[in-house]
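All ligand and atom numbering here is 1-based and tracks the order in the structure.
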Amino acid sequence: MRILEEQRDFFSKQKTKDVSFRKVALKRLYKEIVAREGDIAEAIYRDFKKPKFETLAAETQFVLAELKLTLHNIDQWASPERKSGTFINWPSSDWIYKEPYGAVLIIAPWNYPFQLAFAPMIAAVAAGNTVVVKPSEVTPHTASIISEIISAVFVPEHVTVVEGGVEVSQDLLAQKWDYIFFTGSTRVGQIVYEAAAKHLTPVTLELGGKNPTIVDETASINLAAKRIVWGKFLNAGQTCIATDYILVHKEVKNKLVAALKHNITKCYGENIEQSPDFSRTVSKAHFEGLKDMLKGEEILFGGNSNNEDNYLEPTIVNEPKLDSKLMKGEIFGPILPIIAYTNEDDIERHLSNYGKPLATYIFSNRKAFQKKIINRYSFGGGAINDTVIQITNKKLPFGGVGTSGIGAYHGKRSFDLFSHQKSIIKKANWFDAPLRYPPYNLSMNLVKKIKYLF
Ligand code: NAD
């Protein structure tokens, strides 16, 4: 593939090893994003009517904050890191060097189409790699603005965008990359992992899952409902860490349902279709899939839709069956199933139906219960008495486990992710301990006696 060869050639010239070269490029990117902020919001709005505020908070400002943090810390992150030495090697100085992998491929999804293309790309560039970004074909207006911004800032042999769908993605995956960063569904994640394995290419897989939200009988119900509604219907439920379904203690179920309904109306008004704050589902296929999930279900709220622009109202479904379409896989839309539980065995029965989710949320005022859920169940990350917010702290790793992904990023972790950690021990020549050299019989007893040899 020509672009990959050109990027390899560019990388071999060692230009990206120069941290000041990376900084200049990232500063140019910062300016370009600020200058095009309005166009970016417009493009994402054209793709699926994402409210401008959500674009500002979760796309452009999110990316600009990642850029600011990176520019502020890049000198330190890129410097060799000194580690204390060991007795056996004394005298030495011990280091970790940060080495770029080389040619990085980033494949992005459509739901946060700007953030999920740029956040990993910034880190890959900061760490000194060349990058090919493949945005999602499902959000074509955003894909083309991503392409315009990148071509205005970078030469293609450094960073470029390849637009296209599944076939283009598969062509890219057939190449030998030095690192692949993929965000998308678990199904496609498996395809990516298989392609990467052929070349032993390291990967990060940021995937999805069926995220439970557990509300116990001690929870502050009104606040819980407010925070669940916000996190669920943001981006019309098309958020990888949104609540997928609610498990609520039977004693507080009715109260929670009433509070959920109240908060949906409070956020989006009586006529939600007219609300400027509610996105559309992204495509006809996705929309039809969601409507299909509602067939035969008992709807407690919502359920209205408009085929013309893939509008599906925030919808609460009562007690769907475990083998229903709704409960089989990730919903990824504005449908919120609510299921009552009686005891902790019920919770176990539901959670054990699925792979490890990307997120789990617990609403409870009992510390012991919160602790129990965190310790007992494996999931990517989550929150107590809130939803979605774990993504906003760049000091916390963001990623899945098991079927929800491999690896985690954000902040310094993103820089480290795109850097091979090269261990180097610099040995002094003025002393050479005889301990390790044969004949060993002289050292045998001494080695046994020294407690901290390594
Ligand atoms: P997707 O897996 O369908 O597509 C993601 C990317 O892969 C796109 O660029 C697409 O062109 C490409 N692709 C699709 N099919 C392919 C194939 N057969 N071979 C090679 N490439 C292929 O995902 P999506 O629908 O864009 O996004 C939704 C999914 O992403 C949800 O499951 C969601 O949970 C997950 N997601 C995860 C995170 C995270 O950070 N963990 C973030 C956002 C979305």
Could you see which bit of [X] sits under 4.0 Å from ligand 1, with heavy atoms only: side chain, backbone, both or neither?
| X | answer |
| --- | --- |
| Leu116 | side chain |
| Thr183 | both |
| Val168 | neither |
| Val138 | neither |
| Tyr112 | neither |
| Ala108 | backbone |

Out of all atoms in ligand 1, which are within 4.0 Å of some heavy atom of [X]? Include the element for each.
| X | value |
| --- | --- |
| Ile107 | 6 (C), 7 (O), 9 (O) |
| Gln170 | 17 (C), 18 (N), 19 (N), 20 (C) |
| Lys134 | 8 (C), 9 (O), 10 (C), 11 (O) |
| Ser136 | 9 (O) |
| Trp110 | 24 (P), 25 (O), 26 (O), 27 (O) |
| Asn111 | 43 (C), 44 (C) |
| Glu206 | 37 (C), 38 (C), 39 (C), 40 (O), 41 (N) |

- Lys291 side chain reached by Glu288 side chain, heavy atoms, under 4.5 Å: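 Result yes, sub-4.5 Å side-chain heavy-atom pair found.
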
- Query: So, do Phe278 and Arg280 sit near enough that their side-chain heavy atoms are less than 4.5 Å apart?
  - Reply: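 Result yes, sub-4.5 Å side-chain heavy-atom pair found.
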
- Electrostatic pair Asp323:Lys328 at N-O distance under 4.0 angstrom: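 Salt bridge: no.
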
- Before signing off on this row, confirm whether Ile191 and ligand 1 have an N or O atom pair separated by under 3.5 Å.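 In this structure, Ile191 places no N or O atom under 3.5 Å from an N or O of ligand 1.
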
- Message: Glu137 versus ligand 1: do any nitrogen or oxygen atoms come within less than 3.5 Å of each other?
- Response: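 Yes; at least one N/O pair falls below 3.5 Å.
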
Distance to 0.1 Å, residue and atom name: give those for the protein heavy atom nearest to [atom].
| atom | result |
| --- | --- |
| atom 2 (O) of ligand 1 | Ser185 OG, 2.6 Å |
| atom 20 (C) of ligand 1 | Ser169 OG, 3.3 Å |
| atom 36 (N) of ligand 1 | Cys240 CB, 3.5 Å |
| atom 31 (C) of ligand 1 | Glu330 OE1, 3.5 Å |
| atom 17 (C) of ligand 1 | Val166 CG1, 3.5 Å |
| atom 41 (N) of ligand 1 | Leu207 O, 2.8 Å |
| atom 35 (C) of ligand 1 | Gly184 O, 3.2 Å |
| atom 13 (N) of ligand 1 | Val188 CG1, 3.8 Å |

- Any protein heavy atom sitting closer than 4.0 Å to atom 27 (O) of ligand 1?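 Protein heavy atoms within 4.0 Å of atom 27 (O) of ligand 1 - there is at least one.
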
- Message: With side chain to side chain donor-acceptor pair (under 3.5 Å) as the rule and sequence neighbours excluded, what pairs involving residues 378-393 come up?
- Response: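 Passing the test, one end in residues 378-393: Tyr361-Gln390.
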
For the aromatic rings, using the six-membered ring if either is Trp, is the centroid distance between [X] and [Y] under 6.0 Å?
| X | Y | result |
| --- | --- | --- |
| His286 | Trp110 | yes |
| His158 | Phe21 | yes |
| Tyr341 | His249 | yes |
| Phe418 | Phe181 | yes |

- Task: Step through the shown structure and confirm whether more than 12 heavy atoms of other residues, nucleotides or ligands are within 6.0 Å of NZ on Lys284.
- Result: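 Yes.
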
- Message: Quick check with a 6.0 Å cut-off and a 45 degree axis cone: is Lys394 positioned over the face of Phe62's six-membered ring?
- Response: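 Judged by the rule, Lys394 and Phe62 form a cation-pi pair.
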
- Item | Pairs satisfying salt bridge (Lys or Arg N to Asp or Glu O under 4.0 Å), at least one member in residues 134-163, at least two apart |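 Those involving residues 134-163 are Arg36-Glu148, Lys134-Glu137.
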
